[in-house]
Amino acid sequence: MALGTDSAAKRRNGRGKDSPPGAGHNQDILGKAYREMLLIRRFEEKAGQLYGMGLIGGFCHLYIGQEAVVVGMQMTLKEGDEVITSYRDHGHMLATGMEARGVMAELTGRIGGYSKGKGGSMHMFSREKGFYGGHGIVGAQVSLGIGLAFANWYREDGKVALAYFGEGASNQGQVYESFNLAALLKLPCVFIIENNRYGMGTSVERASASKDLSKNGAPWGIPGEQVNGMDVLAVKAAGERAVAHCRAGKGPYLLEMQTYRYRGHSMSDPAKYRTREEVQKMREQNDCIEMVRKLLLEGGTPEAELKAVDDEVKAIVQDSADFAQSSPEPDESELWTDVLVETR
Amino acid sequence: MGATILMPALSPTMTEGKLSRWLKKEGDAVKSGDVLAEIETDKATMEVEAVDEGTLTKILVPEGTEGVQVNVAIAELDGGNGSAAAPAGNAGTPPAEQGSKAAAVQQPESNATQHGGEIGKIAKGAEDYGQVSARGAERREGAAAEPKSTAQPEKDWGATKPTTVREALRDAMALEMRADKDVFLMGEEVAQYQGAYKISQGLLDEFGPKRVIDTPITEYGFTGMAVGAALTGLKPIVEFMTFNFSMQAIDHIINSAAKTLYMSGGQLGCPIVFRGPNGAAARVAAQHSQDFTSWYAHVPGLKVIAPWSAADAKGLLRAAIRDPNPIVFLENEILYGQSFECPVDEDFILPIGKAKVEREGTDVTIVAYSIMVGLAMQAAEELAKAGISAEVINLRTIRPLDIETVLASVRKTNRLVTVEEGWAFANVGGEVAMQVIENAFDHLDAPPARVAGADVPMPYAANLEKLALPTVAQVVEAVRKVTYK
């Protein structure tokens, strides 16, 4: 727990006269972002491994490459704000503070999972952490997401809802219905398009006639920005503008995060729609974690400190994998529970 | 040359209305398109426009008159010079035909013909009015003649008063909204318009625009929004103008509302009510006439309710709003204006999942829901004349199905007939019959019989539509078949 803590921040703040103004603060944020992003990456790598071992079944959509988006956005939220996303959701869960153990055990379909093994990779929730899923139907989370924002509007509690969706989902009819409703009622909802360039195997150019997705809300007067989604600080800065706009009661805001997924759409992706070189280039030149690591080192964070974070994250992920394998499968009686809330 | 202006039908199910105001006096010149009068039905207030030019020579029905039957002459118009109404002045022409020419409806009573539906079209043929109103009246008489139950009430709620299903639904929502701030209503035309079918009349005034919310005509989006709000613990009531349009939102009803509790391992419930008219209305053709009961009843995670009487509507809607689960509440447009005795007790509520024996009998069990309960009651009356004693069960809740009440009845009567508007294939009657076979096979003295809607998309033509829907005669015939009489 070396980074992101007060002591670490103080240490770096007092590190030397050659630090640029604000560097300490930035270093602190970078440290936290580094840890969070790394946790997601290592977690997803482990999930990929467990999938390969047959311990995880069905669909499994990895978030590797896109970590800066959720981590940067989560830094802009207050406790109680809501998050909702699609089926590429493990990163969002970890970013909202859900336990790695519970997420991994859900992937393996065990009782210790967030949904007692009944939801799987695409369906996990934590009301406590403000995470409302985990939805398997492309675009559905956008309408549901404005519903979360609607509840905030209805209760006048000052909370903001983040609705994440891919550039593929951004062509869905219900997304535009949701833009209209959110703008009409001035709902506190940040729409976040995670444009990772491919909706399954179809590139954005082949699926969307709109060339600048951040303008997709323009007909409804929804302000939008294109953001470098590989740069966690850029994400955070844009996110702060968006969230402040919503919190001020000015209605919804749209962010197009330009990002990239390194892995296939799901585990069974033949990856014929893009070249190996394209993926390699992104990893080498634009990786969100490497970018932060470099900044941290340049800012004076000792290599050893980063190593400590690596070890800590690795330990968390290993622990989650162990737990996910040792937690028992749900009792057979669970088949029949949770269909309806019992009323007597 | 003159024309008679007739009381127009403003919707397929309208049979009468109130002539609330004349905007022209006797002797006034009238141009085509002028508003002649305002007419009020139990659903809405509409303006009647002149089609022809001329002078209003006589007002036959004074303003303020209630219960003016459709196609009754309300005024006379002198044709002036070369009026288009000229041929209509022929004394031998039936008034109905003239009416269609002399008056047209400026505004729809209900916008339920959504997505390209054009209401102005209701004014196009006087024959249609005649038949529509005749049919509406026929259906109404049918159900109105039989709201009295001969069976014992489940619980005595004390005094009752005649209440329409429409009032019962509104009262149920108002009572629950007063009791719980988290309950709100949203849908198309629920607020300022006071409801496409006037179910939400007065609610905007009492609860304000934050709790009675007009939505755009975008079912997928607003249903998803309501489900999202319900996942946080709010208790939305979503009105579908008709359940036909719920098809645009069925993904959220099934995938988002019904399944989330299970997929979250019990963490995230969805306390929501989807309500609106379901089944055939009258003369609105295939896309607006379908019974979706068996569709929704198929899905675990939903409760499905289909009330018949005003008491059903009030007691069950209150229970539905309080229930922590997603509920599909299937009303019927033709029942909205029907009056039934309904308990006045402030606390009146009915249990979900409990059928009601509406009429006791010994020879056959007739199982029905929604408007078909009225049909079954009529059939029972007919059968009684022929010496056959029919027991009529109003299912009220389809999921969870109260099969025990059905079984107890079949064990007594040994015969089963099911009645519903929906198509026979994989319908509710098929499920009821199967469960009876599984659980009381030895008690059956004849194979169960189903009366269902014809296996075709609903036709528009009046004669064909009539053929597509279950009739009393079909129920009587089915009973004769299973009783070998």
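Just so we're clear, the structure is a prediction, and the values are computed from it rather than from any experiment. Order of the sequence lines sets the chain letters (A, B, ...), proteins ahead of strands, with each chain counted from 1.
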request  = Return yes if some donor-acceptor pair links the side-chain N/O of B:Lys210 with the main-chain N/O of A:Trp153 below 3.5 Å, else return no.
outcome  = yes
ask   = To the nearest 0.5 Å, how far apart are CG in B:Leu268 and NE2 in A:His123?
value = 13.0 Å
Region of A:Glu128 in contact with chain B, defined by heavy-atom distances below 4.5 Å = neither
Value rounded to 0.5 Å, distance of NE2 in A:His135 from CG in B:Asp251 = 11.0 Å
ask   = Of all of B:Ser264, B:Gly301, B:Cys270, which one pairs up most often with chain A through heavy atoms under 4.5 Å apart?
value = B:Ser264
task = Under 4.5 Å heavy-atom distance to chain B, tell me which part of A:Leu184 shows up: side chain, backbone, both or neither.
result = side chain
remark   = Bottom line for A:Ile137: the part with an atom under 4.5 Å from chain B's heavy atoms is side chain
inquiry  = For the CE atom of B:Met186 and the OH atom of A:Tyr154, what is their distance to the nearest 0.5 Å?
reply    = 11.5 Å
request  = Could you check which of B:Arg211, B:Lys303, B:Met263 has the highest count of heavy-atom pairs closer than 4.5 Å to chain A?
outcome  = B:Met263
task = Begin from the C-alpha positions of A:Leu144 and B:His252 and carry the test side chain to side chain contact (heavy atoms under 4.5 Å, CB included) through to its verdict.
result = CA-CA 9 Å; A:Leu144 297 169; B:His252 282 301; 3.9 Å; yes
inquiry  = One pair to check against side chain to side chain contact (heavy atoms under 4.5 Å, CB included): A:Leu335 and B:Tyr262. What are the steps and the verdict?
reply    = CA-CA 9 Å; A:Leu335 176 64; B:Tyr262 195 82; 3.9 Å; yes
note = Under 4.5 Å to a heavy atom of chain B? For A:Ile111 that would be neither
task = Against chain B, label A:Glu334 side chain, backbone, both or neither, depending on which of its atoms sit under 4.5 Å from a heavy atom there.
result = backbone
request  = Using non-hydrogen atoms and a 4.5 Å limit, figure out which bit of A:Leu181 sits close to chain B: side chain, backbone, both or neither.
outcome  = side chain
ask   = For B:Ser256, is it the side chain, the backbone, both or neither that has a heavy atom under 4.5 Å from a heavy atom of chain A?
value = side chain
inquiry  = Using side chain to side chain contact (heavy atoms under 4.5 Å, CB included), reason through A:Phe125 and B:Thr260 one step at a time and then give a plain yes or no.
reply    = CA-CA 9 Å; A:Phe125 309 83; B:Thr260 299; 3.8 Å; yes
task = Mark yes when over 12 heavy atoms from residues, nucleotides or ligands other than B:Gln435 sit less than 6.0 Å from its CD; otherwise mark no.
result = yes
query = For B:Ala229 and A:Phe150, which heavy atoms make the closest approach, and how far apart are they?
reply = CB-CD2, 3.8 Å
key: Interatomic spacing from CD in A:Gln174 to CD in B:Gln248 - rounded to 0.5 Å   = 11.5 Å
query = chain B: which of A:Ala182, A:Gly136, A:Ala140 shares the most heavy-atom pairs with it under 4.5 Å?
reply = A:Ala140
ask   = Does atom CD of B:Gln192 have more than 12 heavy-atom neighbours, drawn from other residues, nucleotides or ligands, at distances under 6.0 Å?
value = no
remark   = For A:Tyr132 and B:Leu231 the tightest heavy-atom approach is CE2-O, 3.6 Å
ask   = Do any of residues 315-330 of chain B have a heavy atom less than 4.5 Å from a heavy atom of chain A, and if so, which, in residue order?
value = B:Asp323, B:Pro324, B:Asn325
task = Report the distance from atom CE of B:Met225 to atom OG of A:Ser178, rounding to the nearest 0.5 Å.
result = 8.5 Å
remark   = The interface call for B:Leu302 against chain A, heavy-atom contacts under 4.5 Å, is backbone
key: Qualifying residue for side-chain hydrogen bond (donor to acceptor under 3.5 Å, both in side chains) with B:Thr232, from A:Arg127, A:Glu82, A:Lys159, A:Arg155   = A:Arg155
ask   = Checking B:Lys259 against chain A: side chain, backbone, both or neither under 4.5 Å from a heavy atom?
value = neither
request  = Go through the atoms of A:Asn152 and report whether side chain, backbone, both or neither lie under 4.5 Å from a heavy atom of chain B.
outcome  = neither
